[in-house]
**Q** 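Quick one: the structure is below, and I'll ask about it shortly.
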Amino acid sequence: MLFQAVAPFLDNPDTVVAEEALCAALAFAEHPGLTGHRDGLAGHARRLLLVCDTRWRRRQALDALTAWGHDTTGLARPGDDDRSPYVTSSSWPCGDGDPDNPPF
């Protein structure tokens, strides 16, 4: 039911609305009863990857395409492999990674 609510917004001319609808639809499509919608969503995810600069949206689209067996060659950008746009590679943001030496 939630998927059906967001699906009409996937082709919305407002790109923010379309991207939000796609992010919701990608999550909903993980449900076994919605697997038939994945190929259609893959096209939307590819288009998002061509125009979107938001790392977590790009990561979600890449993860979905990969999980569903689609080729993502050429769609990734530098930085897309980072799992979080908010945390640096160390376990402590701006720290040296030593849990006994936090950055505060």
Side-chain angles (χ1 to χ4, degrees):
M1 194 157 106
L2 292 174
F3 180 85
Q4 292 173 341
V6 299
F9 297 98
L10 292 170
D11 293 314
N12 193 289
D14 183 337
T15 57
V16 173
V17 172
E19 288 176 6
E20 293 296 334
L22 178 61
C23 288
L26 291 174
F28 298 147
E30 292 302 314
H31 187 278
L34 297 173
T35 57
H37 295 282
R38 291 177 180 175
D39 285 337
L41 290 173
H44 290 283
R46 289 178 187 285
R47 282 191 291 283
L48 177 134
L49 289 167
L50 293 175
V51 298
C52 183
D53 291 324
T54 306
R55 285 173 46 188
W56 66 268
R57 285 186 180 149
R58 293 183 57 77
R59 183 76 256 159
Q60 183 185 16
L62 285 167
D63 284 349
L65 290 172
T66 302
W68 300 341
H70 291 269
D71 182 17
T72 59
T73 304
L75 295 174
R77 295 180 185 169
D80 281 344
D81 291 335
D82 299 337
R83 298 317 273 171
S84 172
Y86 307 107
V87 180
T88 61
S89 59
S90 73
S91 59
W92 288 101
C94 304
D96 60 8
D98 181 358
D100 295 324
N101 185 24
F104 44 86

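As a basis for the values below, the full set of heavy atoms in this structure was taken, side chains included, without hydrogen atoms, waters or symmetry mates. Worth saying up front: this structure is predicted, and the values here are computed from it rather than measured.
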**Q** Identify the two heavy atoms, one from Gly33 and one from His31, that lie closest to each other, and give their separation to 0.1 Å.
**A**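 Where Gly33 meets His31 most closely, the heavy atoms are N-ND1, 2.8 Å.
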
**Q** Are Trp68 and Leu26 packed together at the side-chain level, in the sense that at least one heavy-atom pair is separated by less than 4.5 angstrom?
**A**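 Yes, their side chains come closer than 4.5 Å.
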
**Q** Please say whether more than 12 non-hydrogen atoms of neighbouring residues, nucleotides or ligands are located less than 6.0 Å from CD in Glu30.
**A**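 Yes, CD of Glu30 has more than 12 neighbouring heavy atoms, counting only those of other groups under 6.0 Å.
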
**Q** Answer yes or no: does atom CZ of Phe9 have more than 12 heavy-atom neighbours from other residues, nucleotides or ligands under 6.0 Å?
**A**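 Result for CZ/Phe9: open.
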
**Q** Please check if the side chain of Arg58 supplies one atom and the backbone of Ala76 the other of a donor-acceptor pair under 3.5 Å.
**A**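 Looks like no, no N/O pair under 3.5 Å.
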
**Q** Evaluate Asp71 against Leu65 for side chain to side chain contact (heavy atoms under 4.5 Å, CB included), listing each step before the verdict.
**A** CA-CA 7 Å; Asp71 182 17; Leu65 290 172; over 6 Å; no

**Q** Go through Thr72 and Arg46 one step at a time and tell me if the side chain to side chain contact (heavy atoms under 4.5 Å, CB included) criterion holds.
**A** CA-CA 8 Å; Thr72 59; Arg46 289 178 187 285; 5.7 Å; no

**Q** Look at the side chain of Arg57 and the backbone N and O of Glu19, then say whether any donor-acceptor pair between them is shorter than 3.5 Å.
**A**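 It does not hold such a pair.
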
**Q** Arg77 versus Leu49: any side-chain heavy-atom pair under 4.5 Å?
**A**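 They are not in contact (no side-chain heavy atoms under 4.5 Å apart), so the answer is no.
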
**Q** Closest heavy-atom contact between Ala25 and Leu10?
**A**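 That closest heavy-atom pairing would be CB-CD2, 4.2 Å.
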
**Q** Give me the atom names and distance for the closest heavy-atom approach of Thr54 to Cys52.
**A**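 What the structure gives for the nearest pair is N-SG, 3.3 Å.
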
**Q** Is it true that Val17 and Leu48 fall in one hydrophobic cluster, defined by side-chain heavy atoms closer than 4.5 Å?
**A**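 No, no single cluster joins them.
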
**Q** To the nearest 0.5 Å, what is the distance between CZ (Arg47) and CG (Leu75)?
**A**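 Here the interatomic distance stands at 12.5 Å.
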
**Q** Within a strict 4.5 Å, meaning less than it, do heavy atoms of the Glu20 and Val6 side chains meet?
**A**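 A side-chain contact under 4.5 Å is absent here.
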
**Q** Applying side chain to side chain contact (heavy atoms under 4.5 Å, CB included) to Leu41 and Phe28, what does each step give before you reach the verdict?
**A** CA-CA 11 Å; Leu41 290 173; Phe28 298 147; over 6 Å; no

